Amino acid sequence: MSEDGINSQAMIIQKEREYLNETIKCCYLGVVESIDAPYASIKPMALDSDGQKRPAVQKALISIPPIKAKYVDTKGTTHTLKPKMDLKKGDHVVVAVSNNDTSHYSKDRDTFNVFNTNLHSVEDSIIISKIAQEDDFK
């Protein structure tokens with residue numbers, strides 16, 4: 001036992017637990033810094049455990065909802081609306097982190113190779129939603 005009565009094995013397990021909690025990423029809130037579709041640079045909002053800003057994620061994939069809106073005009077003609085992406089610098093977003101390396105993802109293929117075996121890396125971020133602002137409801 002250590003001076004303060006804590007078993008050294010328990011201390012090691014606690015430190016490992018803290019490390020895992022800090023390094024495994026699932027989802028986070030961020031701010032859009034720039035957009036180069038289909039990617040965006042995202043600055044995570046939460047500070048790290050030392051109170052420091054986290055580095056920006058340079059190539060977060062931007063996902064869009066699979067929505068097709070149709071309406072019928074007064075003449076009975078059906079029209080399909082194509083939603084436009086309303087994402088800009090400064091927007092707050094919800095970002096998911098892929099289990100796998102997404103650097104070789106391509107919309108032109110049904111599969112892609114995973115070369116980096118680091119699971120839950122923040123570099124494999126995907127923007128899944130924009131956080132609603134007050135003016136979104138007007």
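The structure displayed is predicted, hence computed values, not measured ones.
- Other residues, nucleotides and ligands contribute only 12 or fewer heavy atoms inside 6.0 Å of the CD1 atom of I64.
- Residues satisfying the side chain to side chain contact (heavy atoms under 4.5 Å, CB included) criterion with Q9, sequence neighbours excluded, are N7.
- Residues that satisfy the side chain to side chain contact (heavy atoms under 4.5 Å, CB included) test with T78, not counting sequence neighbours, are K70, V72.
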- Item | Stepwise side chain to side chain contact (heavy atoms under 4.5 Å, CB included) check, V97 with C26 | CA-CA 5 Å; V97 178; C26 297; 5.8 Å; no

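- Counting heavy atoms from C-beta outward, L47 and Q52 have side chains that stay 4.5 Å or more apart.
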Hey, can you pull the donor-acceptor pairs under 3.5 Å for the side chains in residues 29-43, sequence neighbours left out?
{"residue": "E33", "atom": "OE1", "partner": "S41", "partner atom": "OG", "Å": "3.3"}
{"residue": "K43", "atom": "NZ", "partner": "R54", "partner atom": "O", "Å": "2.5"}

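- Here OG of S129 is found 10.0 Å from CG of L87. Values are rounded to the nearest 0.5 Å.
- Note that CD of Q133 is 6.5 Å distant from NE2 of H92, once rounded to the nearest 0.5 Å.
- To the nearest 0.5 Å, atoms CG (D124) and NZ (K59) are separated by 11.5 Å.
- Residues meeting the side chain to side chain contact (heavy atoms under 4.5 Å, CB included) test with S63, sequence neighbours left out: I126, I128.
- Listed by chain and residue number, nothing satisfies the side chain to side chain contact (heavy atoms under 4.5 Å, CB included) test with I12 (two or more places apart in sequence, or in another chain).
- Under the ring-ring contact (aromatic ring centres under 6.0 Å, His included) criterion, Y71 pairs with H79, sequence neighbours left out.
- Sorted by first and then second residue, the pairs that involve residues 89-98 and meet salt bridge (charged side-chain N to carboxylate O under 4.0 Å, His left out), not counting sequence neighbours, are K88-D91, D91-K130.
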- Item | Stepwise side chain to side chain contact (heavy atoms under 4.5 Å, CB included) test for V122 and Y28 | CA-CA 9 Å; V122 75; Y28 63 93; 3.6 Å; yes

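- Side-chain N or O atoms of D73 include one that pairs as donor or acceptor with a backbone N or O of K75 at under 3.5 Å.
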